[in-house]
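Before any comments, here is the structure.
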Amino acid sequence: MKKIYLYGNWKMNMLPFEGEEFCRTLGNKMQGDIYSSEMIQVCLFPPFLSIPEVLKSLPEDVPVTCGAQDGYFEDRGAFTGEVSMDMVKAVGCSHVLAGHSERRHIFGESNEIVAKKLAKALEAGLKAVLCFGETLDERESGKTLAVAREQLESAFSGLEKDKGCGIILAYEPVWAIGTGKNARPEDAQEVCGFAAKMAEEHFGTHPKIPVLYGGSVKESNALDLLSQHDIDGALVGGASLKVDSFLGIYENYRTISV
Ligand code: PEP
């Protein structure tokens, strides 16, 4: 049976009070659900300022953790507007995203910057969700796997083998993010399988590095994607903003024993 990952990226949405409401409802629905704590790992990625509210509002016995959407690669200093990985950890987060396509494409983060952030996140003891994926142009010109290789090689290059236990991969084709067009499960599997193999070659087989798919995941397509051999769960954007749609995916995951 594979462990399932359900991660929700709120992006720049959800004021603290909205995060609180979401978590109270989520908490009520999930309380006492032993299956979920063992089989489905749920993590929410609120904007920085909503993180304390989210952490406060989740009942202690609900197995939902919290992550940051970004963190900087320096420890401290004159980096106005940035937040260090130690700060992310100190506030109570267990996870952080690195290399989300919006960071790469809107904020110009290069593979080198993503690699430094990933290394710093792991050094801080956070679980790092490394996002990678191709644009529509790259897919249409047959470069999907080459882009995945380049992004993953760069991110893995400075990391020792034992760092693999802190990494989660998230294949997120840029053309599928927020567009309503998800990758076909077999296409997503091809890239996720490729990434899983690359991770295995660099970090070894134990523990296996999970690979999530992200890009317009919703209740109606989550299970088809999860049924693929190398897809261990979802990084969800839009459908994580309403507690009912997020719970819809969660409930679907709950119905299966893979
Ligand atoms: C994301 O932002 O990581 C994402 C996958 O968004 P969406 O689910 O809205 O496509």
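Whatever order the structure lists ligands and atoms in, that order sets their numbers, starting from 1. Predicted model, so just to flag it, every value in this text is computed and none were measured. Atom set for the values below is all heavy atoms of this structure, side chains included, hydrogens, waters and symmetry mates excluded. The residues of the chain are indexed from 1 along the displayed sequence.
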Heavy atom of the protein closest to atom 1 (C) of ligand 1 (residue, atom name, distance): His100 NE2, 3.3 Å

Closest approach of any protein heavy atom to atom 8 (O) of ligand 1, naming residue and atom: Gly237 N, 2.8 Å

Pro47 to Met14 - nearest heavy-atom pair and separation: CG-O, 3.9 Å

Atom pair SG (Cys66) and CG (Leu44), whose distance is rounded to the nearest 0.5 Å: 6.5 Å

Nearest-neighbour protein heavy atom for atom 9 (O) of ligand 1, which is reported as residue plus atom name and distance: Gly238 N, 2.8 Å

Beyond-backbone contact of Leu226 with Ile4, side-chain heavy atoms, under 4.5 angstrom: yes

Element-labelled atoms of ligand 1 that are located less than 4.0 Å from some non-hydrogen atom of Gly215: 5 (C), 10 (O)

Residue, atom name and distance, where the atom is the protein heavy atom closest to atom 5 (C) of ligand 1: Glu172 OE2, 3.1 Å

Proximal ligand 1 atoms for Asn9, defined as those under 4.0 Å from one of its heavy atoms: 1 (C), 2 (O), 3 (O)

Side-chain donor-acceptor pair present, Glu219, Asn252, cut-off under 3.5 Å: no

Numbering as shown, the atoms of ligand 1 that approach Gly178 to under 4.0 Å (heavy-atom distance): 7 (P), 9 (O), 10 (O)

Ligand-side contact atoms (ligand 1) for residue partner Ala176, heavy atom cut-off under 4.0 Å: 10 (O)

Where ligand 1 meets Gly214 - atom numbers and elements under 4.0 angstrom, heavy-atom basis: 5 (C)

Residue pairs, two or more places apart or on separate chains, that pass side-chain hydrogen bond (donor to acceptor under 3.5 Å, both in side chains) and touch residues 162-173: His100-Glu172, Glu134-Tyr171, Arg139-Tyr171

Salt-bridge criterion met for Glu20 and Arg24 (N-O under 4.0 Å): yes

4.0 Å heavy-atom contact, Ser216 with ligand 1: yes

Side-chain ion pair, Asp70 and Lys117, N-O less than 4.0 Å: yes

